[in-house]
Number of protein chains: 2
Amino acid sequence: MTTGLRESKRLALRNSLSLTTVLLARERGLSNVRVVDIVNRVGVSRRTFGNYFSSKEDAIADRHVSRTQAAADALSIRPASEPIWTAVTHVILEPYKTESKHTSPSQSERDELLQILSDPEMQSAVDRGARAATATLGAAIARRIGVSTTTDPRPCLVANAALSTLLTTLEHWLGLEEPQPLLSQLSESFRQLGAGLDHTL
Amino acid sequence: MTTGLRESKRLALRNSLSLTTVLLARERGLSNVRVVDIVNRVGVSRRTFGNYFSSKEDAIADRHVSRTQAAADALSIRPASEPIWTAVTHVILEPYKTESKHTSPSQSERDELLQILSDPEMQSAVDRGARAATATLGAAIARRIGVSTTTDPRPCLVANAALSTLLTTLEHWLGLEEPQPLLSQLSESFRQLGAGLDHTL
DNA sequence: GCGCAATATTGCCTGATAGGCAATATTATT
DNA sequence: AATAATATTGCCTATCAGGCAATATTGCGC
């Protein structure tokens with residue numbers, strides 16, 4: 001019983017709150033965003049915000065978790081013959097593949113990430129999301145390779161390696177003087193780690 | 001001019017504040033620790049605490065950064081012939097080697113880590129420290145292999161892989177039913193990633 | 001040794017946040 | 001349509017971050 005007006009409204013509101021938080025944070029920086037600003041724009045009470053997220057950082061982190069959840073879900077539809085690191089690489093890099101079609105490497109996307117990752121408060125938020133996301137992805141990996149995360153540390157190690165590689169590479173890419181294609185940077189990073197990871201599992 | 005009574009007192013106070021924060025957090029859990037409690041035990045004003053750390057989480061994260069700083073410093077005295085991942089593994093695992101001498105795998109150490117890592121607020125603090133620590137270690141790695149962190153993403157990737165592997169393995173180890181030797185778990189995790197990393201650099 | 005300059009500590013104050021609790025409103029079920 | 005279940009809201013309190021200015025402490029040149 002996951003359907004129903006109740007549940008869908010809940011989800012929509014949750015999404016609206018977190019999206020609005022990101023938008024405002026991009027406009028002025030997260031530290032210049034009050035919770036009141038968020039709820040005013042969305043049209044709910046300050047207290048309702050607290051029913052969904054305990055802080056604006058949480059609201060942002062939630063988006064990262066959702067994205068990773070999608071990647072984790074996508075893991076189940078990769079061919080079973082694929083080595084785990086290859087499969088993980090594919091589902092993680094998937095969202096970044098579309099943008100390589102444009103000649104310009106998505107300046108707005110770059111700006112968005114820059115805004116988000118350059119703010120220390122944001123980084124904390126991202127890290128918080130990353131922790132939850134690692135658990136999610138780790139569970140999906142464990143399911144795929146048929147082990148338990150409680151007895152086998154490898155699924156979480158792989159999940160962690162993947163997500164932290166993603167973040168690290170994104171941050172490095174943002175710091176580059178002249179823009180390089182993001183996808184190739186990501187591919188290269190994942191390939192380098194994978195040279196060992198595909199081989200240990 | 002790093003010496004002087006002034007600087008050493010500063011350092012001592014900083015250390016005392018952060019240590020006291022950890023101790024109190026172990027006693028009652030971080031969320032039950034007020035900044036007032038910390039400063040009362042140390043004997044300074046609440047406002048002074050704010051001159052050193054912006055939050056109790058920061059005070060804890062600082063310890064992780066210090067430990068990593070020590071590891072990063074130790075990197076320069078590893079033989080130059082050592083592959084980078086081997087060297088990093090050594091300096092990171094060094095503190096955990098001594099405890100393997102005892103027959104008991106350091107129950108108190110386990111309890112301490114358990115207390116710290118099981119609290120979500122603590123996890124945030126640790127993650128915050130990890131970010132700073134990654135930059136520190138990344139710089140040390142870059143220095144060692146003679147590249148710049150701005151042009152070459154690999155030093156930060158390696159640093160990040162090392163620190164996040166450390167954290168992930170620690171957390172997994174804490175979740176084990178029957179205690180296993182920590183050092184061997186860590187070694188195994190690092191070995192698995194290293195099988196690829198030593199080879200890509 | 002001594003006094004001046006630099007720096008650290010402290011108190012006060014403001015704006016902001018997390019979360020418990022109870023009242024109210026909205027949705028689901030029969 | 002009535003009732004049960006759940007969501008929203010307002011109120012309230014404890015807590016926190018950080019600017020600012022006054023005060024105390026340390027370091028240095030004389």
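All chains are named by letter (A, B, ...) in the order of the sequence lines, taking the proteins before the strands, and each is independently numbered beginning at 1. Quick caveat, the model's predicted, so the values are computed rather than measured.
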Take the protein atom [atom1] of [X] and the nucleotide atom [atom2] of [N], then report the distance between them rounded to whole Å.
{"X": "B/L30", "N": "C/dA18", "atom1": "CG", "atom2": "P", "value": "15 Å"}
{"X": "A/R128", "N": "C/dA18", "atom1": "CZ", "atom2": "C1'", "value": "11 Å"}
{"X": "A/E57", "N": "C/dA18", "atom1": "CD", "atom2": "C1'", "value": "12 Å"}
{"X": "A/L24", "N": "C/dA16", "atom1": "CG", "atom2": "C1'", "value": "16 Å"}

For this session: Let me have a per-nucleotide readout for nucleotides 6-15 of chain D, 5' to 3', with B, S or -, counting only protein heavy atoms under 4.0 Å.
Result: BSBBBBB--S
Problem set entry | Option among B/V39, B/T20, B/L13 that satisfies the side-chain contact (heavy atoms from CB on, under 4.5 Å) test with B/F49 | B/V39
Problem set entry | Heavy-atom side-chain contact between A/K97 and A/H90 under 4.5 Å | yes
Problem set entry | Close side-chain approach of B/R67 to B/H64, heavy-atom, < 4.5 Å | yes
Exercise. Looking only at heavy atoms, what is the nearest atom pair of B/G129 and B/V65, with distance?
Worked result: O-CG2, 3.5 Å
Exercise. If you measure from the Lys or Arg side-chain nitrogens to the Asp or Glu carboxylate oxygens, is any gap between A/E7 and A/R10 under 4.0 Å?
Worked result: no
Problem set entry | Salt-bridge criterion met for A/E57 and B/R128 (N-O under 4.0 Å) | no
Problem set entry | Separation between CG of B/L157 and OG1 of A/T168, rounded to the nearest 0.5 Å | 5.5 Å
For this session: Quick one: pull up CG in A/L163 and OG1 in A/T134 and give me the separation to the nearest 0.5 Å.
Result: 4.5 Å
Seminar exercise, completed: When the rotation axes relating C1' atoms of four end pairs to the next four are compared across the helix from C/dG1-D/dC30 to C/dT30-D/dA1, five pairs an end, they differ to 10° by 30°
